[in-house]
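Computation of the quantities below employed the complete heavy-atom set of this structure, encompassing side-chain atoms and omitting hydrogens, waters and symmetry-equivalent molecules.
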Amino acid sequence: MKRILISGGAGFIGSHLCERLLGEGNDVICLDNYFTGHKSNIRHLLAHPNFEVVRHDIIYPYTAEVEEIYNLACPASPIYYQHDPIKTTQTSVLGALNMLGMAKYNRGKILQASTSEVYGDPLIHPQKEEYWGHVNPLGVRSCYDEGKRCAESLVMSYHRQHGVRTKIVRIFNTYGPKMDINDGRVVSNFIVQALRGEDITIYGDGNQTRSFQYIDDLVEGMIRLMDDTPDDFTGPVNIGNPHEFTIGELAREVIELTGSRSQIVHLPLPEDDPRQRQPDITLARQMLGNWEPTVQLREGLRKTIGYFEEVLTRGGVRR
Ligand code: NAD
Ligand code: UDP
């Protein structure tokens with residue numbers, strides 16, 4: 001049994017990770033300020049004897065005696081991270097400093113949740129870890145992109161300067177049950193719109209691409225990176241599903257799977273919206289024991305549609 005802290009543990013990815021790590025017999029502390037996370041995501045875990053929840057904002061220091069830290073706290077949806085951009089950068093940078101400080105104090109291991117956004121609007125396709133990216137440092141997405149890039153830099157500095165065992169995962173677009181109904185990201189938006197019979201809102205012409213990964217594949221990859229790689233291996237490692245789709249294709253797939261009569265409408269493309277995104281996962285395959293995404297888009301969408309159908313049956317109220 002390990003003592004593991006998960007910042008952002010009440011969020012979409014964090015709550016799946018809490019569940020999985022508890023299920024494997026670990027002692028888990030979930031740290032969250034509930035900005036985009038929800039108690040309902042972890043309510044079913046509260047009675048578990050090895051689970052603790054702490055309401056805390058990671059821009060302020062926090063210490064607990066833990067062996068491993070998964071630093072996930074940060075809003076991930078463009079709508080939410082642009083809502084208070086200064087706070088987003090504080091969370092990314094000060095939050096990373098505080099979590100790295102705790103890892104150093106404990107002589108523990110830390111995994112930093114980074115993002116494909118560090119590649120910006122990429123000029124190299126698919127994106128390999130060696131690519132330094134093409135980020136607009138002044139744009140509306142920069143609070144998140146540059147915050148996450150600075151966090152990666154801090155992780156490497158703690159590793160080099162203090163010998164902290166660190167891992168960086170660059171997560172590509174991930175979806176699945178427990179996403180917030182109002183999250184604003186494309187998969188949840190399209191499914192909820194389709195189930196409600198509302199217009200499906202494609203931003204721009206819909207020819208921009210993303211590569212969508214189902215949550216279970218991500219959780220598996222993150223745990224393998226933390227547990228199964230040598231201490232001197234820091235990453236970064238791309239974790240994502242390399243199958244690339246246009247946003248228009250995603251909309252049509254969701255309409256077909258839900259049997260919805262929703263119409264597609266086109267709205268303006270947000271500023272600095274990346275045109276294409278696809279992970280090169282060669283390194284993940286090599287370092288994470290032949291890790292591969294196992295859930296393809298149709299299957300993952302079906303599971304996610306089932307989840308949102310249930311939430312909508314309860315009038316949008318989470319259990
Ligand atoms: P999410 O918004 O569902 O979860 C983020 C969690 O962090 C929420 O529970 C929120 O309340 C909490 N949080 C935010 N600011 C905080 C603060 N200052 N102090 C404490 N808690 C705070 O998003 P998610 O999709 O679960 O993303 C989790 C992590 O993974 C983020 O760091 C995100 O950048 C990264 N990521 C996610 C994706 C994706 O596709 N889901 C892609 C790339 C990177
Ligand atoms: N998008 C869309 N309609 C929506 C939400 C998003 O067309 O209702 C587009 C968005 O412009 C982007 C892509 O879908 O091109 C993915 O957006 P998301 O916010 O999910 O994540 P991103 O990868 O941009 O961070």
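- Looking at E67, its side chain does come within 3.5 Å of a backbone N or O of R3 through a donor-acceptor pair.
- Residues I281 and V219 fall within the same hydrophobic cluster, defined by Ile, Leu, Val, Met, Phe, Trp and Tyr side chains chained together at heavy-atom separations under 4.5 Å.
- Hydrophobic clustering, with ILVMFWY side chains joined whenever heavy atoms are under 4.5 angstrom apart, keeps Y62 apart from F35.
- Evaluation of the salt bridge (Lys or Arg N to Asp or Glu O under 4.0 Å) rule for E299 yields K303 as partners, not counting sequence neighbours.
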* Please lay out, stage by stage, how E68 and K167 fare under the test salt bridge (charged side-chain N to carboxylate O under 4.0 Å, His left out). => CA-CA 11 Å; E68 290 181 356; K167 314 277 173 194; over 6 Å; no
* Decide side-chain contact (heavy atoms from CB on, under 4.5 Å) for I42 and C30; before the verdict, give the C-alpha distance in whole Å, the side-chain angles of both, and the deciding distance to 0.1 Å. => CA-CA 9 Å; I42 48 171; C30 162; 4.0 Å; yes
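- In this structure, CD1 on I215 lies 7.5 Å from OG on S15, to the nearest 0.5 angstrom.
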* To do: Tell me, with the steps shown, if I171 and T115 meet side-chain contact (heavy atoms from CB on, under 4.5 Å).
  => CA-CA 5 Å; I171 303 170; T115 167; 5.6 Å; no
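- Both cation-pi conditions hold for K39 and Y34: the charged atom is under 6.0 angstrom from the six-membered ring centre and inside a 45 degree cone around its axis.
- For the pair N26 (side chain) and V28 (backbone), a donor-acceptor distance under 3.5 Å is absent.
- For S260 and S262, the side-chain atoms include at least one donor-acceptor pair closer than 3.5 Å.
- The pair R185-D180 does not count as a salt bridge, with every side-chain nitrogen at least 4.0 angstrom from each carboxylate oxygen.
- Using a 4.5 Å heavy-atom threshold, the side chains of E249 and L297 count as separate.
- Of the inter-residue distances, the one linking L97 atom CG with M102 atom CE reads 12.5 Å to the nearest 0.5 angstrom.
- Contact of the I110 side chain with the T166 side chain is registered, since non-hydrogen atoms from C-beta on lie closer than 4.5 Å.
- Taking the six-membered ring where tryptophan is involved, the planes of Y131 and Y119 are essentially parallel, since the angle between them stays under 30° and well short of 60°.
- Side-chain contact between N33 and T91 is absent, with no heavy-atom pair separated by less than 4.5 Å.
- Here the side chains of E152 and M156 are not in contact, with every heavy-atom distance at 4.5 Å or above.
- Listed for the N106 side chain is a donor-acceptor partner under 3.5 Å among the backbone atoms of A64.
- Side-chain heavy atoms closer than 4.5 Å link hydrophobic residues (I, L, V, M, F, W, Y) into clusters, and following such links, even through other members, never connects L31 to L45.
- Counting only heavy atoms from C-beta outward, the side chains of L257 and I191 never approach each other to under 4.5 Å.
- Side-chain contact between S114 and R170 is present, with at least one heavy-atom pair separated by less than 4.5 Å.
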* To do: Show the numbers, then the answer: is there a side-chain contact (heavy atoms from CB on, under 4.5 Å) between L5 and V54?
  => CA-CA 10 Å; L5 182 140; V54 180; over 6 Å; no
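- The minimum heavy-atom distance linking P85 with C143 is given by the pair O-CB, 3.4 Å.
- For H134 (side chain) and D121 (main-chain N/O), a donor-acceptor pair under 3.5 Å exists by modelled atom type.
- More than 12 heavy atoms of other residues, nucleotides or ligands shown are found within 6.0 angstrom of NE2 on H56.
- The two atoms that bring D272 and G139 nearest to each other are OD2-CA, 3.5 Å, heavy atoms only.
- Hydrophobic clustering (side-chain heavy atoms under 4.5 Å, transitive across Ile, Leu, Val, Met, Phe, Trp, Tyr) groups Y175 together with I247.
- A pairwise comparison of heavy atoms in G147 and V93 identifies O-CG2, 4.0 Å as the closest pair.
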* List the steps, then state whether side-chain contact (heavy atoms from CB on, under 4.5 Å) holds for D183 with F12. => CA-CA 10 Å; D183 180 87; F12 160 52; over 6 Å; no
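- Within a 6.0 Å sphere centred on CZ of F233, heavy atoms belonging to other residues, nucleotides or ligands number more than 12.
- With rounding to the nearest 0.5 Å, the separation of CG in L225 from CD in Q112 is 11.5 Å.
- Atom CD1 of I86 has 12 or fewer neighbouring heavy atoms from other residues, nucleotides or ligands inside a 6.0 Å radius.
- Judged purely by atom type and a 3.5 angstrom limit, Q127 uses its side chain to pair as donor or acceptor with the backbone of Q278.
- Remark: side-chain polar atoms of N238 are not paired, donor with acceptor, to backbone N or O of P279 under 3.5 angstrom.
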Result block: side-chain N/O donor-acceptor pairs under 3.5 angstrom for residues 194-206, not counting sequence neighbours:
residue: T201; atom: OG1; partner: Q193; partner atom: NE2; Å: 2.9
residue: D205; atom: OD1; partner: N207; partner atom: N; Å: 2.8
residue: D205; atom: OD2; partner: N207; partner atom: ND2; Å: 3.4

Got a list of side-chain donor-acceptor pairs under 3.5 Å for residues 284-292, not counting sequence neighbours?
residue: R285; atom: NE; partner: E292; partner atom: OE2; Å: 2.4
residue: W291; atom: NE1; partner: D217; partner atom: O; Å: 3.1

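- Using modelled atom types, no side-chain atom of K104 and backbone atom of Y158 make a donor-acceptor pair closer than 3.5 Å.
- When all heavy atoms of N98 and Y60 are compared, the closest pair comes out as ND2-C, 3.3 Å.
- A heavy-atom distance below 4.5 Å is not found between the side chains of E24 and K2.
- For the pair E129 and P236, the tightest heavy-atom approach, listed with the atom from each and the gap, is CG-O, 3.1 Å.
- Once rounded to the nearest 0.5 Å, the distance linking CD of Q296 with CZ of R302 reads 12.5 Å.
- Looking at residues two or more places apart in sequence or on another chain, you find a side chain to side chain donor-acceptor pair (under 3.5 Å) between E117 and R141, R277.
- With rounding to the nearest 0.5 angstrom, the CG atom of D84 is 7.5 Å from the CD atom of Q90.
- Other residues sharing a hydrophobic cluster with Y144 under the 4.5 Å side-chain heavy-atom criterion for ILVMFWY residues are Y81.
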* **Verdict with supporting geometry, R252 and E256, salt bridge (charged side-chain N to carboxylate O under 4.0 Å, His left out)** => CA-CA 6 Å; R252 289 188 285 278; E256 193 189 316; over 6 Å; no
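- Between the side chains of S211 and E244, no donor N or O sits under 3.5 Å from an acceptor N or O.
- Looking only at side-chain heavy atoms (C-beta outward), I239 and M222 stay at 4.5 Å or farther from each other.
- Between atom NZ of residue K109 and atom CG of residue D231 there is a gap of 6.0 Å, rounded to the nearest 0.5 Å.
- Closest approach of S7 to I58, counting heavy atoms only: CB-CG2, 4.0 Å.
- The closest donor-acceptor contact from the side chain of T174 to the backbone of F172 lies under 3.5 Å.
- Legend: residues meeting salt bridge (Lys or Arg N to Asp or Glu O under 4.0 Å) with D228, ordered by chain and number and at least two apart, are absent.
- Panel note: side chain R165, backbone R107; a donor-acceptor pair is recorded below 3.5 Å.
- No chain of hydrophobic side-chain contacts below 4.5 Å, direct or via other Ile, Leu, Val, Met, Phe, Trp or Tyr residues, connects L21 to V66.
- A donor-acceptor distance shorter than 3.5 angstrom exists from the side chain of R149 to the backbone of V118, with no hydrogens or angles considered.
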